[in-house]
Structure formats: C-alpha cells, structure tokens
Participant: 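What follows is a single structure, and I will ask about it in a moment.
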Amino acid sequence: MSNQSTLLPFIKKENDETLEEEAKNKITAESNVQPTKNQEFMNNTRSKSSDINVATIDKPTNTDDCILLDIDYDGTAQKAYLKLYDPKKNKIYRWYDTTGHKPYCLSKEPKQILLQNQQLVNHPGFVDIIEVEKYDLLEDRSIRMSKIIATDPLSIGGTSNSIRDIIKEAWEAHIPYRKCYLMDLQLIPGLFYKIENGQLVRVKRSPPESVKREIEQLFEDETQEAKQLLDSFFDLLFTPVPNIKRVAMDIEVLAEAVDVIPDPKAAEHPIIAVAFASNYDINEVHILKRKDMPQGDWISEDNVEIIFYDKEEDLLRAVFKRLSEEPFIITFNGDNFDLNYLYHRALKLGFSQDEIPITIAKNAILLKYGIHFDLYPFFHNRSINIYAFGNAYKETSLDAVANALLKKGKIKLEKEISELSLLRLGSYCYNDALITLELTTFNENLTMNLIILLMRISKLPIRDINRQNISAWIRGMFYYEHRIRGYLIPRPQDILAMKSETSTKAIIKGKKYKGAIVVNPIAGIHFNVVVLDFASLYPSVIKTHNLSYETVRCPHKECRDNIIPGTTHWVCKKRVGLTSVLVGFLRDIRVKWFKELAKSKDLSEDKRQWYRSVERALKVFINATYGVFGSESFELYCPPLAESTTALGRYAIQKTIEKSAELGVQVLYGDTDSVFLANPTQEQIEELKKWSKSFLNIDLDVDKIYRWVALSTRKKNYLGVFPDGTVDVKGLLGKKRNTPKFCQEAFSEMLNILKEVHTEKDFESAKKKIFDIIRESYRKLENKQYPLEDLAIKVQLTKPLKSYTKTTPQHVKAARLLESKGKKISVGHIIHFVKTVTPPNVKPVELASLNEIDVAKYKEHLKATFEQVLDALGIEFKDIEGYTALSEWF
DNA sequence: GCGGACTGCTTACCT
DNA sequence: ACAGGTAAGCAGTCCGCG
C-alpha cells in the first residue's frame with residue numbers, strides 16, 4: 001500500500017484525479033464526517049514497519065509468553081508444529097516439535113506375535129513396537145498392550161494400506177495426530193507457553209494463594225478425585241485471556257442476479273469491495289472502481305481508510321498482504337464464502353498458489369500464516385446459542401445474530417449490491433466487517449473469552465472449537481483425562497458389547513429409552529405460585545449416583561445389587577466414575593464460585609464479564625454431558641448411562657411430588673425438574689428444600705414466584721405474571737416463530753392487558769378488553785387491512801427440497817413454487833407463505849396478493865392462538881364469536 | 001365419491 | 001450430528017356408507 005500515498009484525511013486513493021475531486025466535495029459536505037476527528041486520525045496514522053511481511057515467525061529460539069492456539073502437522077518435516085500467539089508483539093510463532101514424538105496406535109496382541117506380521121513390519125512407515133501398560137476401565141484391570149510406532153500419521157490410518165487396517169484390531173488409532181500429540185505432551189490450547197532456547201515451556205498463571213485456599217475449602221468435603229481435578233483446573237479457569245488483536249473481514253462480489261449468491265468455486269464475478277475492521281488500528285475498505293458507477297456517499301463510521309483500485313488484481317494483492325500480515329482474521333461464513341471466493345477468484349485471475357495466503361483444508365479454510373476464525377459455525381452451534389447466549393438468536397445470519405447480541409444489524413439496502421455507488425458499497429461492506437468484529441468484542445470480549453475457555457476445557461485447538469460440535473468438545477475433554485491417567489480409550493464397540501441394553505420404553509416412538517416426567521397441569525388461574533426446581537438435575541444425579549460409562553453395569557458381581565430404581569442397571573460400588581467426578585466437579589465449581597461472582601455488583605464490569613464467560617463455558621459442558629452419552633454418534637455412547645440418568649431424574653421429581661402432598665401443598669404442574677406449588681407457606685418451602693438435600697442429596701431451589709399463572713389443559717403451555725408485571729410465556733402459539741405476525745401482535749396486546757391484572761376481579765375488565773382485541777382483528781382480516789407480510793406463516797426448511805418424499809407440507813409447496821420461478825432455495829431457508837382460497841391454497845408471500853387470502857383460515861389461526869389462554873381464564877371462544885356477531889348486528 | 005377416524009410427518013417448542 | 005416429551009397442523013390412508 002506504500003505506493004498509494006495518503007492524499008486526503010479520509011480517503012486514500014489510487015491515481016484518479018476526478019475521483020479525488022469528487023471525494024473532496026462529498027466528504028466536506030458530509031455531516032457525519034467530522035474534520036477534527038479526521039485530522040487526529042491523520043496525525044495518528046500508524047507507523048507501518050516495513051519488516052512485517054508475514055504474520056508468522058518460524059522456529060524461534062526465545063519468545064515472550066504466548067498463548068497456544070493451534071497445531072498442525074508438517075508432512076515434509078514429518079513433525080507437528082504449534083501456532084503460538086504473542087499478544088505483545090502481535091505475532092504468531094510456529095514451534096516445531098523437538099521431542100521426537102511419533103504417531104502410534106495400540107494393539108492387544110503381544111509384541112512377539114505382531115513382529116511375525118510381515119505386512120506390518122515391512123510397512124514403509126513402520127518404526128517400532130514398545131510394550132506398554134494401560135488401564136482398561138471397562139474390565140477394571142491393568143493390561144499389557146503393544147504400542148506400534150510409525151513415521152507419519154498416514155501410516156497409522158487414512159490410506160488403503162494403513163497399519164490400523166493391517167493389524168485388524170487397533171485402539172486409539174482414529175485420534176487425529178494433532179490431538180494425540182497435544183495429549184501426550186499434556187499441552188492445553190488456550191494456556192500460556194514460551195520458547196526458551198528452542199524448548200517449549202509452560203507458563204503458569206495460577207490465581208492468588210488466598211483465592212486458591214478459599215476455593216479449596218469449598219471442596220473440603222469432596223472426594224480425592226474431585227480435589228485433584230480442582231488442582232488441575234486452577235490454571236484453566238483463572239488464567240486471564242490476553243487481548244488478541246484481530247481483524248474482521250468481509251467481501252462483496254458483483255452478483256449476477258437478485259437473490260443469487262455467487263458460487264465461490266466458480267468465482268465468475270469480480271470482487272468489488274473488501275473491508276477490514278479491527279480492535280486496533282486497521283480499519284479500511286478496498287473498493288474496485290467500475291465504469292459509470294458514481295462515488296456516492298459514505299454512511300458508516302469515520303476513521304476508515306478507503307482505497308480505490310482500477311484493477312481487481314491489485315485489490316486482491318492488497319487484501320492478500322493483509323491476510324499474510326495479520327495473525328488473527330475473523331469472518332462470518334468465511335469458510336463457505338469469503339475466503340473460498342477469494343481463493344478461487346485469485347486462481348482464476350492467474351495468481352499462483354504461492355501468492356495466495358489461504359489453504360483449503362478438509363472441513364475448513366485456513367490461513368497459511370495466521371489463524372482464521374469463522375463466526376458462522378461457532379454461533380450456529382446449538383450449545384453455544386442455548387447455553388452461552390440464552391437462545392438469543394433464532395437464525396444464524398449475521399444480521400439476526402448481531403441484532404440479538406449487539407442490538408444493531410446490517411445496513412438496510414434500498415437497492416441491489418451491484419447498483420450501489422462505490423462509497424455506499426464500501427460503507428455496507430465495512431459495516432458488515434465491523435459487526436463481525438464486534439460479535440467478538442462486545443461485553444468485554446465475552447465471545448473471545450468463551451472461545452479460549454472452551455479450548456482449555458475441551459483441550460482442543462481453536463479450529464476444532466470453531467467448527468466442531470459439543471460432542472467433539474466433550475470427547476476432547478474425556479480423551480485427555482483418559483490419556484493423562486493411563487486409561488485405555490475404549491472403542492465404541494467395546495462399550496456397546498457390554499452396555500447396549502436398555503430397560504425402559506420411551507413414550508415417543510423410535511426413541512431409545514424413557515425420558516422425563518411432565519405433570520398434567522391443573523387448568524385455570526392460580527395466584528401466588530412458587531416454582532421450585534432442582535439445580536442442574538441430571539449433572540447432580542450423575543455426580544451423586546457415581547454414574548459413568550465404566551461404572552454403570554460394571555464387571556463386578558458384588559455391585560449387582562446396587563440397582564438404579566426404575567431400571568435393571570446397577571452401579572459400581574468399588575470405583576469412582578470418571579464422568580461422575582468430571583461433571584460433578586464442573587457443576588460444583590460453577591455454582592460454588594463462578595455463578596455468584598458473575599452477578600456480583602462489587603466487581604468491575606471487566607471482572608464480572610470474565611466470571612460470566614467462565615460460568616457460561618462451564619455451563620456448556622455441564623448441560624450437554626448427559627445428552628451426548630445418549631447419542632449414537634458420540635464415541636463414548638452408553639445407553640444405560642443416559643437411561644439411568646433420566647430414571648433417577650424421574651425418581652427425584654416423583655418423590656418431590658409425593659413429599660409435597662404429604663406436606664399439604666398442591667402441585668399444579670411440573671416438567672422434568674420443576675414443581676409449581678399452589679400458594680405454599682415459607683415453612684413448607686423450607687421443609688421441601690431441606691428434605692430434598694437430605695433425602696435426594698440434590699439442591700432444590702426457588703426458581704420463580706408468580707403473582708399468578710394461567711395453566712391451560714396442555715403441557716408445556718402456560719403464561720405467568722411476576723410481581724413486577726413481567727409476563728412469562730411458555731410454548732404458547734402466540735410466541736411461536738411460525739405464527740403470523742398479526743396473531744403475534746394481537747397476542748402481545750393481550751399480554752399488556754393481562755400484566756395489569758392483580759386480582760380475580762381485575763379479570764372481568766381484562767376479558768372485555770381482550771374481546772375487543774379479537775373483534776378488531778377479525779374486522780381487519782375481513783377488510784383486508786393487514787399487509788400481506790403480517791399474514792405470512794414463516795416455516796424453516798430443515799432439509800433439501802428434494803428430500804420431502806413422504807409428505808408435502810405447505811411450506812414445501814410454497815418453496816417449490818418459488819423454485820419454479822428461478823429462485824434458489826436452500827436448507828435452513830425460512831419460507832414465508834400465505835394461505836389462499838384457490839388450490840393449492842398456499843402461496844409464497846412474494847407471489848401472492850391480498851385479495852386471494854383465505855380469511856376463514858386466518859380467523860382460525862387467531863382463534864387457536866387466543867384459545868390457549870382463554871381456556872385457562874374459563875372463557876369459551878364461542879362467547880366471543882357470539883359477542884362479535886351481536887355487536888355487529890347493532 | 002365423500003367425510004370422519006386414524007396414523008404419520010414436520011416443525012417448533014419445553015426441560 | 002447432545003437427549004426425550006408435547007402440541008399443532010396438515011398429508012395421506014382406511015373404512016363405511018344400502
């Protein structure tokens with residue numbers, strides 16, 4: 001960029017006089033660009049050290065403290081190398097293995113027998129066999145195993161003639177070498193290391209001794225195993241995360257047609273803008289000049305450098321320079337789009353592989369030098385959405401996620417990207433990069449902290465946290481704990497051979513075992529309802545009953561009488577279960593330490609957010625552990641473990657219901673881990689809590705108190721009002737995403753009336769107002785006063801259009817109509833359709849008009865929405881329809 | 001040939 | 001591609017009906 005000198009405070013440009021003049025005029029006329037600020041910016045222009053060519057330095061001999069981010073394997077050197085980030089120098093170091101560690105797998109055959117296998121010993125990658133001792137948890141005994149060592153990972157597995165196939169039965173042979181290496185060296189991604197004289201050294205950053213002692217006291221009564229875990233987790237949960245300097249990138253491509261996303265592999269259209277937004281001093285947008293396209297006006301932040309290009313090749317070269325210099329690049333969907341498009345477009349324009357700092361990996365797109373983190377798969381991860389962000393966003397588009405978390409979204413466009421003036425386009429592109437960046441910086445870097453903490457807990461490098469799901473994270477955590485203790489990592493079939501049977505029948509057809517109890521609600525309005533719930537029921541049950549894959553149905557005869565109620569499974573009495581300790585520990589440290597501090601008002605915002613990050617990261621692991629053991633795709637899948645967990649959960653809620661009755665408290669409703677109590681006294685609540693702690697050994701807490709609750713006859717459907725007037729709506733049609741907007745809005749008007757209700761008497765006037773809402777809505781429907789979009793039913797396509805073979809739901813009909821008009825429809829798309837009077841009675845909003853709307857159907861929708869609440873209030877919908885007819889008569 | 005009873009499919013929610 | 005349980009709405013099938 002040095003050949004493009006700064007001529008204007010605001011705009012950097014190439015050599016185009018006309019554009020310069022235009023820019024000058026435009027910018028001085030712009031109200032949102034303040035000259036003083038620009039002046040400051042010019043004076044503070046960063047000093048660009050010309051020595052920086054790439055983000056990475058290879059094989060350093062000495063470094064400052066660095067954070068371990070990633071690991072890869074160099075096929076030529078036949079060595080693993082780490083990517084370490086130095087937050088002070090803003091550099092990535094590549095450290096190559098100096099220990100001589102080699103890939104291997106395990107066999108149960110003795111060394112002597114294996115040596116007779118000519119195919120094995122003659123394998124070009126074969127190195128040696130060493131006898132080792134491992135502990136077999138499933139059999140609860142030590143075993144001798146043979147460790148077969150190879151020169152490179154592919155010799156172990158991954159080709160048609162790999163060692164793991166030659167020896168037929170191999171253990172630990174499917175663990176990627178990168179991960180195997182980290183475990184063996186006990187390296188934890190996300191923690192600090194430094195290089196001293198070429199050697200890797202762990203940098204310990206434990207909490208202050210006083211804090212350590214305070215926490216150790218909290219674990220005084222816990223098992224020895226739990227105390228050991230605590231000791232090994234201090235570093236993980238207390239080492240601060242450095243402020244990683246990072247740059248978010250977004251690109252715009254000249255699209256061929258409306259609503260068609262350009263194909264990155266074909267990369268047929270020019271890249272017309274690329275923006276970078278950073279949490280330090282890189283904020284710039286690169287724009288391609290186009291014939292007849294006016295400059296237009298800038299509508300985003302100030303202090304953004306704008307660089308124009310005549311040639312797309314020059315633009316790409318500047319972008320690639322950034323991608324080589326910057327250690328940490330963030331995108332939103334860069335794997336599928338931005339980096340992918342850049343790569344293929346560059347090839348198409350004649351760039352050589354060496355000139356492109358991007359590598360296409362199997363399930364990711366990586367940078368040759370720095371780290372690429374794609375926010376799309378991360379936010380798309382269900383566990384992250386639910387446990388870390390409280391289900392804040394309903395779909396994973398940049399706009400939806402940003403609106404939910406940052407309260408701001410993409411710039412609304414009044415025309416197509418291809419029609420935007422140059423600076424408008426630049427603003428739009430820059431804004432996307434900026435909100436992408438802010439998704440990692442908001443709330444004191446909550447997301448970034450989470451990412452690093454998830455790495456530490458799962459023991460996985462950053463790329464796996466980025467792109468893998470919760471089961472892979474939990475697997476990472478479990479495998480590590482196995483490896484460092486010398487436990488053999490079991491194969492899925494080893495567990496299933498002993499533990500595939502279940503003893504309960506699921507209520508839902510096709511499910512493997514019985515789940516939770518849902519208590520039949522007592523319909524009606526109930527005042528002063530107290531909801532008690534068990535503090536993380538399943539994790540508690542796993543901890544208190546010593547549940548783990550190796551302890552449920554253990555091999556000992558003497559444990560067989562230790563039966564889980566409601567099942568035929570028994571639990572080990574001799575050995576402490578690994579899952580039990582691990583989940584129990586994570587749960588305890590969260591509730592005993594981090595949860596409180598995350599809410600503490602005495603702390604600085606910065607500190608509080610840190611505790612929040614830790615608390616959320618722990619929550620992800622705690623809450624998902626039960627589920628993964630019941631999932632066939634999880635490598636430690638163990639049906640009896642999952643089944644025992646829900647059985648004990650049912651036992652806990654069942655006993656609580658019985659105890660409530662015994663205390664004379666009516667249970668109005670309950671679901672899985674909660675009971676809704678009708679107007680209990682303080683003493684009764686205390687009594688129940690005390691009983692739970694002593695009898696079940698699970699904490700039962702007051703979760704919420706309602707001024708009143710309207711329970712319908714349906715389970716998982718209710719509405720409650722808190723003392724402060726806040727309304728709590730669960731499961732009702734009025735809050736479902738697919739309910740038409742006009743229904744949702746009428747419903748929300750009803751809530752506003754209901755939240756004013758304090759007494760039985762208040763309901764009378766409330767009812768009248770609710771009648772009015774319904775009547776008004778009916779009238780507007782009949783007079784077609786609602787815009788089409790308000791009538792739209794919004795349903796997500798959960799699989800490709802072609803895969804709907806058994807039935808054709810309405811949203812699929814609508815989607816196929818759209819497709820026949822040339823629109824591309826893909827999985828995850830939310831189809832907006834309306835119901836019409838003529839067959840097929842469905843039309844996508846885009847193709848429908850108001851006069852073909854099926855009014856009767858919409859009246860039914862409204863009726864269904866209100867009925868769910870009205871039947872709790874003891875009102876029959878007929879009354880309203882009668883009332884409507886009557887009032888219209890007069 | 002049509003409608004009611006029934007089952008199955010699909011989606012969105014709750015814990 | 002972490003679990004099971006529940007509700008709603010529609011699609012599709014079967015059966016009876018002189």
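A, B, ... follow the sequence lines: proteins, then strands. Residue 1 opens every chain.
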Participant: Regarding A/Asp728 and A/Tyr706, do their side chains bring together a donor and an acceptor under 3.5 Å, going by distance alone?
Facilitator: yes
Participant: Is there a side-chain contact between A/Ser471 and the phosphate of C/dC2, meaning an N or O under 4.0 Å from OP1 or OP2?
Facilitator: yes
Participant: How do A/Lys730 and A/Lys509 order along DNA chain B: which one's closest nucleotide is nearer the 5' end?
Facilitator: A/Lys509
Participant: Check the distance between B/dT11's C1' and A/Phe833's CZ and give it to me in whole angstrom.
Facilitator: 11 Å
Participant: Determine the contact category for A/Asp533: base if any of its heavy atoms lies under 4.0 Å from a base atom, sugar-phosphate if only primed atoms, P, OP1 or OP2 are that close, otherwise nothing.
Facilitator: nothing
Participant: Which comes earlier along DNA chain C counting from the 5' end, the contact point of A/Ile508 or that of A/Gly627, where each point is its nearest nucleotide?
Facilitator: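 Between the two, 5'-proximity favours A/Gly627.
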Participant: Select base, sugar-phosphate, or nothing to describe what A/Tyr538 touches, counting heavy atoms under 4.0 Å on all strands.
Facilitator: nothing
Participant: Tell me what A/Tyr513 touches on the nucleic acid: a base, only sugar-phosphate, or nothing, going by heavy atoms under 4.0 Å.
Facilitator: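 Sugar-phosphate, backbone atoms only, no base.
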Participant: Round to the nearest Å and state the distance from A/Lys806 atom NZ to C/dG12 atom P.
Facilitator: 13 Å
Participant: At 4.0 Å (heavy atoms only), tell me whether A/Lys505 reaches a base, stays on the sugar-phosphate, or touches nothing.
Facilitator: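 No contact.
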Participant: Look at the side chain of A/Thr807 and decide which nucleotide, out of B/dC13, B/dT11, C/dA11, has an atom nearest to it.
Facilitator: C/dA11
Participant: Establish, from distance only, whether the side-chain atoms of A/Thr567 and A/Tyr513 form a donor-acceptor pair under 3.5 Å.
Facilitator: no
Participant: How close or far is atom P of C/dA7 from atom CG of A/Asp671, stated in whole angstroms?
Facilitator: 11 Å
Participant: Using a heavy-atom cut-off of 4.0 Å across all strands, would you classify A/Lys736 as base, sugar-phosphate, or nothing?
Facilitator: base
Participant: Look at the side chain of A/Thr625 and the backbone N and O of A/Phe621, then say whether any donor-acceptor pair between them is shorter than 3.5 Å.
Facilitator: yes
Participant: Look at the side chain of A/Lys512 and decide which nucleotide, out of B/dA12, C/dA7, C/dA3, has an atom nearest to it.
Facilitator: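 Ranking B/dA12, C/dA7, C/dA3 by closest atom to the A/Lys512 side chain puts C/dA3 first.
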Participant: Would you kindly give the CD-to-P distance between A/Glu867 and C/dG9, to the nearest whole Å?
Facilitator: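 Rounded to the whole Å, the gap is 10 Å.
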Participant: Mind checking if A/Thr798 touches a base, just sugar-phosphate, or nothing, with heavy atoms under 4.0 Å?
Facilitator: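 Touches sugar-phosphate only.
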Participant: Which part of the nucleic acid does A/Ser631 contact within heavy-atom distance under 4.0 Å: base, sugar-phosphate only, or nothing?
Facilitator: sugar-phosphate
Participant: Starting at CD1 of A/Ile386 and ending at P of C/dA1, how long is that distance when rounded to a whole Å?
Facilitator: 13 Å
Participant: Could you go through the ring pair (Phe, Tyr, Trp, His ring centres under 6.0 Å) check for A/Phe676 and A/Tyr718 one step at a time?
Facilitator: CA-CA 12 Å; A/Phe676 287 51; A/Tyr718 61 88; 5.1 Å; yes
Participant: Tell me what A/Thr808 touches on the nucleic acid: a base, only sugar-phosphate, or nothing, going by heavy atoms under 4.0 Å.
Facilitator: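 Sugar-phosphate contact only - A/Thr808 comes under 4.0 Å of backbone atoms but never of a base.
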Participant: Please answer whether the main-chain N or O of A/Gly630 pairs with a side-chain N or O of A/Lys512 as donor and acceptor at a distance below 3.5 Å.
Facilitator: yes
Participant: Looking at A/Tyr718, does any N or O in its side chain come under 4.0 Å of the phosphate oxygens OP1/OP2 on B/dT15?
Facilitator: yes
Participant: If you look at every strand shown and take non-hydrogen atoms under 4.0 Å, does A/Ala506 touch a base, only sugar-phosphate, or nothing?
Facilitator: sugar-phosphate
Participant: Report the distance from atom CG of A/Leu797 to atom P of B/dC9, rounded to the nearest whole Å.
Facilitator: 18 Å
Participant: Look at A/Lys715 and C/dT6 and indicate whether a side-chain polar atom (N or O) is within less than 4.0 Å of OP1 or OP2.
Facilitator: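 So the side chain of A/Lys715 is within the cut-off, an N or O lying under 4.0 Å from OP1 or OP2 of C/dT6.
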Participant: Considering just the side-chain nitrogens and oxygens of A/Tyr804, establish if one lies under 4.0 Å of OP1 or OP2 belonging to B/dT11.
Facilitator: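 Yes.
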Participant: Can you work out whether A/Ile830 or A/Phe676 has the more 5'-proximal nearest nucleotide on DNA chain B?
Facilitator: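 The residue mapped nearer the 5' terminus is A/Ile830.
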Participant: Can you tell me how far C1' of C/dC2 sits from CD of A/Glu635, to the nearest Å?
Facilitator: 13 Å
Participant: To the nearest Å, how far apart are A/Leu719 CG and B/dC14 C1'?
Facilitator: 15 Å
Participant: What nucleotide among C/dA7, C/dG4, C/dC10 has an atom nearest to a side-chain atom of A/Lys835?
Facilitator: C/dC10
Participant: Quick one: on DNA chain C, does A/Val518 or A/Arg714 contact a more 5' nucleotide (nearest heavy atom)?
Facilitator: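 Nearest nucleotide further toward 5': that of A/Val518.
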Participant: Taking the side chain from A/Gln796 and the backbone from A/His829, do they hold a donor-acceptor pair closer than 3.5 Å?
Facilitator: no
Participant: A/Lys813 side chain N/O closer than 4.0 Å to the phosphate oxygens (OP1, OP2) of C/dC10?
Facilitator: no
Participant: Less than 4.0 angstrom between a side-chain N/O of A/His811 and OP1 or OP2 of B/dT11, yes or no?
Facilitator: yes
Participant: Can you tell me if the side-chain N/O atoms of A/Lys394 get under 4.0 Å from OP1 or OP2 in B/dT11?
Facilitator: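 So the side chain of A/Lys394 is outside the cut-off, no N or O lying under 4.0 Å from OP1 or OP2 of B/dT11.
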Participant: By the 4.0 Å heavy-atom rule, please label A/Gln796 as base, sugar-phosphate, or nothing.
Facilitator: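 Sugar-phosphate: the residue A/Gln796, judged by heavy atoms under 4.0 Å, touches backbone atoms but no base.
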Participant: Donor-acceptor pair, distance only, cut-off 3.5 Å: does the side chain of A/Asp374 make one with the backbone of A/Gly334?
Facilitator: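 Side chain of A/Asp374 to backbone of A/Gly334: a pair is present.
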Participant: Establish, with yes or no, whether the OP1 or OP2 oxygen of C/dA8 is under 4.0 angstrom from a side-chain nitrogen or oxygen of A/Gln868.
Facilitator: yes
